[in-house]
Amino acid sequence: MSCGVRLLEAGHAVELWARELPPHTTSDVAAAVWYPYLAFPQERVTAWAARTLEELCALAAHPETGVRRVSGTELLLWPAPDPWWASSVPGFRRATPAELLPGFVEGYVFEAPVIDMRRYLPYLMARFRRLGGSIVQREVRSLDEAWAVAPLVVNCTGLGSRTLLGDETLHPIRGEVLRVAPLPLERFLLDEQDEARGMTYLIPRLDDCILGGTSVKGSASLEPDPAQAEAILARAARLLPEGTRIQVLQHLVGLRPGRPAVRLELEQVDGRHVLHNYGHGGAGVTLSWGCAEEVAALVGQLTDGAPHVGPAHHPSRIGRTHGK
Ligand SMILES: Cc1cc2nc3c(=O)[nH]c(=O)nc-3n(C[C@H](O)[C@H](O)[C@H](O)COP(=O)(O)OP(=O)(O)OC[C@H]3O[C@@H](n4cnc5c(N)ncnc54)[C@H](O)[C@@H]3O)c2cc1C
């Protein structure tokens with residue numbers, strides 16, 4: 001959706017094809033807080049994440065986008081150096097002892113965009129349509145279907161590329177979160193260091209709170225696991241004032257598109273072009289605008305940078321997003 005918006009803004013004709021639409025995509029399940037997690041390689045991810053951070057902060061000025069800037073703390077059970085993405089986050093600092101909860105020895109304090117996907121995805125779809133883009137719900141079984149109607153395809157099918165392209169480096173990383181009624185919590189809290197215990201995140205939003213989470217590589221089941229819900233609740237309770245009542249509203253499961261490296265590259269097949277943009281792991285929202293802008297720049301280079309303003313006689317399809 002971000003690619004579609006940027007391509008339309010650059011004057012390309014864009015039609016988006018998707019097998020599932022919100023609220024039925026992986027992106028709908030995202031927690032979603034800006035945080036580079038399980039996405040590689042570090043250098044490209046840092047640049048995409050930094051650019052996306054700027055864009056999300058700008059969107060946070062408009063409440064209808066569902067994006068809000070929230071401060072929070074990542075709690076550490078044992079000392080650790082600054083995370084590699086720290087330099088992307090203005091105001092990143094170490095927690096003072098008063099900001100730590102019992103049992104934690106250190107922490108990072110930072111402000112990050114929190115994106116309420118139930119609001120954000122409809123906002124993006126409306127923005128995409130207002131710019132002249134069209135959305136068609138359909139499955140693509142082979143890129144030939146898209147090339148049949150457009151010279152250039154942008155492939156943003158996430159985990160779908162495993163079947164579509166036979167990309168076996170792409171794998172599901174199953175994640176579960178709970179959407180719960182608002183909690184007495186103004187800041188987000190992250191506690192992800194102890195892998196054996198499992199990661200914990202509490203993300204307050206305007207009218208609910210997201211509790212997470214899990215991360216199981218290779219598991220492709222979308223069935224909510226009640227035992228995981230109990231475990232998430234127990235981990236969250238440790239970070240909340242004693243006796244806090246938690247009312248679960250929804251149990252969500254999604255499959256992160258894991259890959260050793262995000263695939264953002266142009267491929268030429270028998271003289272036809274496809275621009276891949278998939279494999280964003282646990283950070284698809286965090287990298288979205290940075291990647292979209294790189295895609296738009298590559299499309300610009302392919303089309304000699306010439307904007308394609310006005311009605312397209314032969315609109316090109318860009319993968320899930322199509323453009324010219
Ligand atoms: C529990 C959980 C928590 C997460 N939390 C965060 C977070 O806090 N921050 C963050 O940045 N990220 C988070 N993520 C990761 C994030 O959700 C993903 O990285 C992101 O959703 C990937 O986006 P995408 O557009 O590539 O894939 P998707 O959202 O899966 O979209 C792919 C689209 O392609 C379509 N498609 C696939 N195959 C085909 C086909 N053959 N034909 C036609 N259409 C097709 C699908 O129907 C869908 O519309 C989380 C994920 C999970 C599961």
Side-chain angles (χ1 to χ4, degrees), residues 26-38 66-78 80 83 95 97-120 173-217 219 221-256 281-283 285-286:
T26 308
S27 297
D28 289 276
V29 180
V33 63
W34 180 97
Y35 192 98
Y37 174 64
L38 292 179
V67 184
R68 220 160 53 96
R69 296 168 75 153
V70 179
S71 293
T73 308
E74 175 156 3
L75 298 158
L76 300 175
L77 288 160
W78 51 84
E99 288 169 317
L100 299 175
L101 295 179
F104 295 94
V105 299
E106 281 188 7
Y108 317 128
V109 175
F110 59 101
E111 188 189 70
V114 167
I115 306 103
D116 181 341
M117 300 305 279
R118 290 183 312 152
R119 291 190 166 92
Y120 183 62
I173 307 172
R174 176 184 150 95
E176 295 184 61
V177 292
L178 302 175
R179 192 168 73 80
V180 305
L183 291 170
L185 190 73
E186 282 175 9
R187 308 165 63 79
F188 64 76
L189 290 175
L190 314 174
D191 165 19
E192 308 194 337
Q193 221 172 9
D194 187 348
E195 286 180 19
R197 181 163 65 193
M199 61 175 159
T200 311
Y201 46 86
L202 289 74
I203 303 172
R205 307 195 304 188
L206 277 181
D207 43 22
D208 55 21
C209 183
I210 297 292
L211 305 185
T214 65
S215 186
V216 183
K217 192 172 168 179
S219 170
S221 165
L222 283 170
E223 199 59 41
D225 178 351
Q228 287 296 355
E230 285 306 315
I232 290 171
L233 287 172
R235 290 199 298 271
R238 290 170 26 253
L239 304 185
L240 288 165
E242 212 176 312
T244 303
R245 196 175 157 266
I246 306 178
Q247 186 196 348
V248 178
L249 303 174
Q250 213 177 355
H251 184 170
L252 297 159
V253 186
L255 305 178
R256 303 174 181 93
V285 187
T286 304

List the residues meeting salt bridge (charged side-chain N to carboxylate O under 4.0 Å, His left out) with D225, not counting sequence neighbours, and say none if there are none.
none
Mind checking what makes side-chain hydrogen bond (donor to acceptor under 3.5 Å, both in side chains) contact with R197, not counting sequence neighbours?
D191
Close side-chain approach of F104 to L239, heavy-atom, < 4.5 Å
yes
Checking side-chain polar atoms at under 3.5 Å, does E74 have a donor or acceptor matched by the opposite partner on Y35?
yes
Can any side-chain N or O of R235 pair as donor or acceptor with the backbone N or O of M199 at less than 3.5 Å?
yes
Holding to side-chain hydrogen bond (donor to acceptor under 3.5 Å, both in side chains), I want the full list of residues that pass it with T214, two or more places apart in sequence or in another chain.
none
Rounded to the nearest 0.5 Å, how far apart are CD of E223 and CD of Q228?
13.5 Å
Is there side-chain contact between L189 and L101, with heavy atoms separated by less than 4.5 Å?
yes
Indicate yes or no: at least one non-hydrogen side-chain atom of L100 is less than 4.5 angstrom from one of V105.
no
So the salt bridge (charged side-chain N to carboxylate O under 4.0 Å, His left out) pairs with at least one residue in residues 202-216 (sequence neighbours excluded) are D116-R205, R118-D207, R118-D208, R119-D207, R179-D208, R205-D208
Sorted by first residue and then second, give each side chain to side chain donor-acceptor pair (under 3.5 Å) pair with at least one member in residues 98-109; sequence neighbours left out.
R93-E99, R94-E106, T96-E99
With sequence neighbours excluded, give me every ring-ring contact (aromatic ring centres under 6.0 Å, His included) pair touching residues 181-205.
F110-F188
Any T244 side-chain heavy atom under 4.5 Å of L185 side chain:
no
Nearest 0.5 Å, please: how far is CD1 in I232 from CG in L178?
4.5 Å
